[in-house]
Amino acid sequence: MQALTTRSKIAVNKKMTFMERIYIPAILGGMAITLRHFFKKKVTIQYPEQQREFAPIYRGHHVLKRDENGAERCTACGLCAVACPAEAITMVAAERKKGEEALYREEKYAEIYEINMLRCIFCGLCEEACPKEAIFLTDEMVLTDYARAGFVHGKDKLVEPMDKDKRIDVSKRQTKEVAEFKKHPEYAHNQVYTKSLKA
Amino acid sequence: MQQNIHGIPLDWFIILSTTLFCIGVMGVLFRRNAIIIFMSIELMLNATNLLLVAFSAYHGDAAGQVFVFFTMAVAAAEIAVGLAILVVMYRNTKSVDIDVLNRLKG
Amino acid sequence: MTFTGFLIYKALLVLIVFTISLVIAMYSTYAERKVAAFMQDRLGPNRAGPFGLLQPLADGLKMFMKEEIIPNVSNKFLFILGPSIAMFTSCVTGAVIPWGGSLHIGGNVYPLQVTDINIGILYIMAITSIGVYGIMIGGWASNNKYSLLGALRASSQMISYEIAMGLAIIALVMHTGTLSLNKIAAMQTGWHWNIIYQPVGFIIFLICAFAETNRTPFDLPESDSELIGGYHTEYSSMKLGFYLFAEYINMFISSAIIATLYFGGYHMPFIDRLGLSDNFGAILGIVFLFSKIFFFIFFFMWVRWTLPRFRYDQLMNLGWKVLIPLSIFNVAFTGTLMWIFGRIH
Amino acid sequence: MQTAILILIPLIAAIAQLFVPRKYGKRFAITASLITFVLCLVTFLQFPTSGDYQYVTNIPWIASLGINFKIGMDGISMLMVLLTTFLVPLIILSVVQSETRTPVFYSLILFMEMALIGVFVSLDGFLFYIFWELALIPIYFICLLWGGEHRVRVTLKFFIYTLAGSLFMLVALVYLYLHTASHTFEIGELYRAGRSLDAPTQGILFLFFFLAFGIKMPVFPLHTWQPDTYTEAPTQGTMLLSGIMLKMGIYGVIRWILPTLPLALSQYGDYAMWLAIIGVIYASIIAITRSDIKRLIAYSSIAHVGLIAAGVFAGNAIGVQGGIIQMLSHGINVVGLFFIVDILQRRTNTRKIGSMGGIRQQAPFFATAFLILTLGAVALPLTDGFVGEFLLINGIYIYKPVMAVVGGFTIILGAVYMFRTYQRTTLGETSVETEKFLDLTPNEKAVLIPLLIMVIVIGIWPNIFLKVSEPAVTKLLSGN
Amino acid sequence: MTQDHLQKYLFLVLGLFAVLSALMVVFTKNPVHSVLYLVLAFFAITGEYILLNAQFIAIVNIIVYAGAIMVLFLFVIMLLNLNKETEPHKNPYLKFAAVITSGLLLIVIVGSLKAADNAIATPYQGGKGLIENLAEVLFHQFLLPFEVSSILFLAAMVGAVMLGKKDIK
Amino acid sequence: MITLIILSGLGILTLFAQILRFRKGLFPVILVGLAAAFYFTSADYNSNPQPWFSSMLDFNHYAIAFSRSIIIIAFLWFMMARNYFLQETSATDHFALVIFSLVGAVSMVSYNNLTMLFLGIEILSLSAYVLAASDKGNILSNEAGFKYFLMGSFATGFLLFGITLIYGVSGSFDLHTIQQSIATHQQPGMVLIGILLLLVGLCFKASLVPFHFWAPDVYDGAPTPVTAYMATVVKTAAFGAFFRLFYICFPDMISQWANVLWWIVVLTLFIANITAVRQNSVKRMLAYSSIAHAGYLAIAIVSMNGDASGRAILYYTLTYSISTITAFTVLYMVARNSGREDFGAFEGLAKTNPFLSFVMVVAMLSLAGIPPTAGFFGKYYIFQNAIATHNTGLVLLAVIAALIGVFYYFRVIIAVYFKPEQSSIPITVGGLHRTVLFITTLLTILLGLFPDLILQWI
C-alpha cells in the first residue's frame, strides 16, 4: 500500500541500545527541534488587521435569494430541511395572498424560515437540494451572539435585501461546473427548473 | 546569642516536653484509629527529642543533639515499616480500627 | 550600622526580593505563553500593550474579577489554606539566595542577601518539603477524586525526588564543604563553577528540580488531560491564581538555586580581572545572576514545550531506579575523587 | 570405682535396651539387672566395717559452681543400693504381659534403677538432687504409658507433688551451698554449713527438706497422691514406687536432715514425728475400711512408712537403725504384696476383697507365699517386719514414750487389716472369681521365692545388715 | 523588655501552641486534621529548638518530620481514604481511664523532676547546635551508630518493600 | 566488632542473591556465614578486646558470649525455617531481614553506649515487625505485625524518654559515665523516673506482665517460624541488653528499681503461667510460656549478683531458645500436617512419629525445668543467684510458678503419648528438620549435664 505520508516510520520492537536508553541524546535532539522552530517564521495571521483570503467556494452564512424582481424564490418545499444532515432548518409554509405577487414568486412561500446556526455544519446540502435556486451559502461569516436564541437565524437575517445594490452575489457558486453537475440524473428535479430557466 | 537560654529555666522545658509526652501517651490509650495512635507515638518521640535538645543545650554537650538524629532516623524507619504494615493490613481488613483486630483474642 | 538601620535595610531587601519574585512570576506566565507560541511557530499574546507585555496584568485582573467558587462539600478552611501555603512556601525560599556580592555604601557593608544562615541549603530543602502540603491540602480539601489523585501524585512524587535531590546536594556539599549558599556562591569565582566538578549531580538536581516544581514532563499532579487539572480542579479565581503563581515563583527560585549552586551565582568568568569597583561589580553580579536565572527559566519552558508527560510508573522508575542509584554513585564517586586528591583524611 | 560401675551398668543397659529386639527385651533387662545385683552383692560382702564413705569417685563436674560428680557408699547407702539391685531383677521378672511391654518399658526401669542407685550413693548435694529428679521421669512415664484408667490425672498429680517437694529441697540445698565456706556442694561441707546456722534458719530449711522427703515417703498430710498413684500405676510401677522410691524419702531424712539440721530437729522434730504417727493411725484406719486390695496395701504402706519416719526423726541410733532395717523389710514385703495383688487381679479380674475367698484350696503355694508376706507385714517375730518395728518403737520410746505407745497401735491395726485381708481372700469358700484360681507359675515362683527367703533371713539374722550400717549411723549422728 | 523576657514569652507562646496542637491531634475526629495539627505541633517544637540555639536540629526536624514523615501519613490516609469521621465509640470509661492515666503519669513525672535545674550545674555553652560541632561529634564519637543506622534503614527498606509488593505466585 | 561486620556483609550478600540469581545456593552461604561469624567472634575472645569506636561497643566476655549464643540460636533457627521461607517468593528478603536483625541483636548485647542500645533494639524490632506481618495474605499475621508494631513503638517512646532523663542527669550516653555520675551525684527523682521509664520500655520489649498483652496475640498470629524467632533470638537479645544496662549503669540504685521489678516478676510468673494453663492452642500456650520464661529471666536481674547473673541469663536464654526451637519445629510440622495448632493436633503423635514425640518430650521437660535437661539447670542457676542475694521469697514463688508450668507442658506430653491417634497420615520429617531436631535435643541434654560448657564463656 502506498504510504500516506512521507514521515511515517515502521515501528520495530527492537531492544534499545545504551545510548538510546539514556534518552539524553533524544531529548537534546527534541529540544534542538523546538529551538529551531523558535526561530522560524511565524505563521500567525493577525486577524482583524490581516485577513486570509477565502476560498472561492467557501461556505459561510446562508442567504435566501430573491429573483430579479425582488420576490423571494423560496416556495417552502422543504427539500432543504429534508436534505439537511444536522436538521438545522425549519420552516412554516404559507399561501400567497392577493397583492403579494411582488413579494413571493410563487403561490406558496415560507412564512417562517429558520436555520439554527449552532447546528448547521455548513455542508451545503441545502443549497444542492434546493430546486428553486433559493438558498445559497455565502462567503460571509456567521456573526456571534450572546444568547443561544440569537443563533437561530430567521428570515430577517437570511433573506437578502430588496435593494439591488445590496443583493448578495452568489455567481461564484453558479459556475458552469455547478450547472453541469446539477444535470446529473440524480438532480432531475433541478433540471426541470433549469430547463424552464432556459426556456 | 550566647545567653540565649538563660532566661528560660530548664524546668520549663522538662514540663513542656513531659506534657507533650503524656499527651502522646493519652492519645495511644484514648483513640482507636490506628493512624492516630501512630501519630501519638510520633508525638511522644518528638517530646523526647525536645527534652534531649534541651538537656544537650544545658549540658553544653552536643551528644544529645546527635542522639536526636538517631531518634529521627528510627522514627523515619519505623514509619516506613509501620505504614507498610498498615497498608497490607488494610488490604485484607478494610479497617484501621484497632478494636477490629481482635481475631487473635481468646 | 545601627540596629534600626539594619532592620530597615533588611526590610527593604525583603520587599525587593518579594516584589521581584512576584514580578518575575508574573512575567513568567507571559514568557511561557510567548515561548510556547514561538516554539509552535506562533506569535503568542501581543494585544495587551506592546508585544502583549501587559497581558499578565490583564490576566491578574481577570483572576481577581472572576467568581469565587468554594465547593459545597469541601473543607472551607483547608480549601483556602492550600493555595496560601503553596504561595507562602514558594515566596520564603528567596530569603537565603545571595543575589549578588556586597554593596559598600558609606562604610557599611550591605550584603545582597536577605539572610545568610549557615545551613541555607537545608533551609531550602525544608521549605521545599513543606511546599507539598499546599498541594496535598488543597487537593484533599476539594473533596474531588481528581484533586485527591493529584494530591497523592504530588506527595509521592515530591518525596521520591527529594531523596535524589538531597543526595545530589550532598555530593555538592562534599565538594564545597559548606551548607551556606553565600559561601558556595562566593567560592565559584572565575571558571570554578560547580558544574565542572559536579556534572552528574547537576543533571540529577535539574531533573529533580523539574519534578519538585511540578513542571512538564513531571506535571502529573495537575495533568489536565487525565486529571482535569489535578489538585486545582476545583479552584477558581485568585486561589487558582495563587497556585499558578506559586508554580512560577518556584520555577524562578529553582532557577536561582541552580544558578547559585552550579553556575557560579553572581560570578562570571574574567569579570574579576577587569578590576571593577566593588559596588559596580556587585551590581554587575546581579545582572549576571539574573541572566543565568532567565536562561534557566527559559530552559524550564523549553523543556516543557518539547517533552511529553511521563507516565506515573515511568516517573517512579526514573526516580527510584535511576536517579537515586545514580546520585548515590555520584556521592561515592565524589568521595573517592576527594580521597584520591587528598582532600579528606 | 564399684559405685560408678553400679550406676553405669544400668545406664548403659537402659540405652542398649532401646536397640534390643522386642522379644529379647525382658531377657536382656533381667541379665543386666542381675549383673548389677551380683556386683552389688560382691561389694556388700566385702564391705568394710567403717563409717567412712567407701569406693568414692570424685570428678569435677560443674567446676564454676563447685559441683562435683562425687559418689561413694557408706553402710546406709550400701544397704539401700543392695535393696534396689535386689528388687529390680525381681520386678522385671514379674512382668507377665510381655506383649504390651516394649523395650522402652524395660529401658525406663533400668534407667530408674540407675537413678535410684545414684540417689543413694551421691555425695554431692547437687548430684543428689539430679538423681532424685531423674528417678521421677521414668516412673512418670511408666505410669503414664502403662497405667490404669485415670492415669493421666493421677500421674500428673503425683508428678507435681513430688516435683514441688523436691524443688523446695533444692532451694534448701542452694541455701546451704551458699553458706559453705568455699561454695561447694560437697556433702561434708554442706553438713558443716547447715550446722553453723542458727535455729530459726535451720527451722526453715528443715521445713523445706521435710516437704520434699515427706511428700516422697509420704507422710500425712502430704500423702494424698499416693493411694491413687499406687492404684493407677502398673504393677511394676507400684513396686518401684513403694519398694524403692519411697525409701528415697527416708534415706533423705537420714542423709540430710539428721546430720545437717540438729538444732531444727530438736526443735521441730516433735511436729514431724507427731505428723508421722498421726499418719500411721490414720492410714491404718483407712486401710481397714478399704475393700480394694491394692488400695489397702497402699494405705498400709503409708502406715509403715509413717512409723519409719517417726523412728528416724527420733534421731537416735536405735531408731535410725530400725528405720534402715525396716526399709529393707518393707521394701521386700510390699513388693511381694503388690505382686500378690497383681496375681490376684490377673486371675480374678477384680481387686475387691469381698468377691474373693477360698484360694487356699485352689492354690496352696500361693496361699503360703501370701501368708509369709502377711506375717512379715504385721511384724510377727522371726519375720523381717518384727526386727524393724521393734527397733523403731524402741527408738521412739527413748525419744518420747507417749509416741511409742500411740505408734505401737500400728501393729495391732496392721494385724487387723492384713489378717482380715488374708482371711477373706484365701480362706473360706471359693467365689465365682476364685473358682478356677491357678497356682503360681514357675515365673511367679521365681519372683516370690527370693522375697520369701529374704523375709526370713532378715527376720532371723538382721545383724548381717545392721552391722554394716551401724558405724555409718553412729558417725552420722555424732555429727562428723 | 529585655531579650530574656522576649525569650520567655516566645517560649510560652510556642509551648502553649505545641500543647494545644498536640491536644487537638488527640481529640480531632478527622485523621487529616490530626495530621495537620501534628505538623503545627512540630513547627512549635521547631521554634523551641531555635530558642535552644539548635538550628540544625530545627531544620532537620522540619525536613524529616514535617516534610517526610507527615507527608507519608497524609499520603497513606488519602490512599486508603481513611478520612472518615465515624470512629466507633470507645468505651467512655476507657477514655476516662486513658485521660486519668496519662494525667497521673504527667503529675508523677513532673513532680519528681521538679527543680532539676539546680542539679545540672554545667553552664550553658553556645554554638553546640551548630552544624560543625554536631558533625564533629557525629563523625567521631558517634561514627559507629551512624554506620549502624544504615543497617536500620536497609532493614526498614527491605521490610517495607517486602510487605508492599504483591506476591507473584 | 568483626561479628557486626560479617553479619552486615552477609545480610547485604543475601539481598544480592535475588539479583545475582543464586537463591538456591543462598542457604548454605548463610550457614557458612553464620559459622564464620561464630568463629571470628570466638577469636575475639582471648584477645581481650578494647572498647570500640570511642567505646560505643565493648566486646567483653559478656558480649562475646551472648553474641555466640545468638549466632548459635540463629543458626539453628535458619535450619528450622529454611523450608518455610524458601516457599515464599521473597525468601531472600526474609533471610536478609533476619540477618539484619541479628546485627541489632549483637549490638544490643555488646553496647557500651545507650545510642547503640537504642539502635540495636530498633533494628531488631523493625525486622521483627515485618517478619511478624510477613504472611501477607493472612489477616492474623497482618494484625500480629501491626499490634507488635504499635506496642513496640509505644515502648520505644518510653525507652527513649528514660534514656533522655538519664542523659539529663549524667550528660552522657556512655554506660560507665552514667554509672559514675549516678554514684557521685544525688539525683534520685530524675534518675528514678528515668530508670522506671527504661524499665517500662524494656519490659514491653521483653514482654513482662503488665506490659505483655501484645505478646500472645503476636506470637499466635505470626507465622510459626517467625514466632520461634521472636521467642528465641529476640528474647535473648532483649535480656542480654536488659541485664547489661542495669548491671553496668544502675547498680547503685538497685534498692529502688529492684522493688518494682520484683512485683513485675511475680505478676509475670503467675499471670503467664496460670493463663498458659487455660490455653487450647499449643502455639498460644508457648507464647504464654515464653512470657513466663521472661519472668524467670527477670529474676536474674532482680537478684543482681555480678557476673553470675549474667551467666545465668546467658545459659537460660540459650537453653530456653534451643528447647523452644525444638518445640516450634515440631509444632510447625504437626500444624502443617493437621492444619491445627491446638493440643488435639498432637494426640497420638507417639504412634505416628516416635522421633518427633521424643524430641517434643525432651523440649517440654526442658521448658518445664526437669533435670537432666538444660532447662533445669537454667532455672537452678537463676534460683541460686536469687538465694545468694537474699531473694529466697521470690524463689519460692518462682518454684510455685514452675510447678504450675508443669501442668501445661505435660499436657503436650500427655497428648503425645496418651491420647488415641488422631490422624493416620504419618508426618514426614525432612532431613534438615531431622538434623536440627537432633541437634537441639542433643544440646538440651548435653548442656543440662555439662552446663560448664556455656558458663565458662563469661
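All heavy atoms count here, side chains included; hydrogens, waters and symmetry mates do not. Residue numbering restarts at 1 for every chain, and letters A, B, ... go by the order of the sequence lines.
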At a 4.5 Å cut-off on heavy atoms, which part of F/Phe154 comes close to chain B: side chain, backbone, both, or neither? both
B/Val74 versus chain F, the contacting section by heavy-atom distance below 4.5 Å: side chain
Comparing B/Ile41, B/Val66, B/Asn49 against chain F, the one with the most heavy-atom pairs below 4.5 Å turns out to be B/Ile41
For the residue pair F/Phe204 and F/Phe158, categorise the inter-ring angle as parallel (less than 30°), tilted (30 to 60°) or perpendicular (more than 60°). parallel
Any idea how F/Tyr219 and F/Trp214 line up, ring-wise: parallel (<30°), tilted (30 to 60°), or perpendicular (>60°)? perpendicular
Contacting region of B/Phe70 [heavy-atom separation from chain F under 4.5 Å]: both
Is the distance from the ring center of F/Tyr167 to that of F/Phe173 below 6.0 Å? yes
Side chains of F/Ile178 and F/Leu114: does their closest heavy-atom pair fall under 4.5 Å? yes
Among the options F/Ser172, F/Ala133, F/Gly171, pick out the one with the most heavy-atom pairs lying under 4.5 Å from chain B. F/Gly171
Would B/Phe67 and F/Phe118 count as a close aromatic pair, with their ring centres under 6.0 Å? yes
Using a strict threshold of under 4.0 Å (side-chain N to carboxylate O), is an ion pair present between F/Asp217 and F/Lys147? yes
Which atoms of B/Thr71 come close to chain F, meaning under 4.5 Å heavy atom to heavy atom: side chain ones, backbone ones, both, or neither? both
Below 4.5 Å, heavy-atom pairs only: which of B/Gly24, B/Ala63, B/Ala47, B/Ala75 has the largest tally toward chain F? B/Ala63
Region of B/Leu52 in contact with chain F, defined by heavy-atom distances below 4.5 Å: both
Under 4.5 Å to a heavy atom of chain B? For F/Ile163 that would be side chain
With a 4.5 angstrom heavy-atom cut-off, is it the side chain or the backbone of F/Leu119 that approaches chain B, or both, or neither? side chain
Tell me if a side-chain donor or acceptor on F/Tyr129 pairs with a main-chain N or O of B/Val81 at a distance below 3.5 Å. no
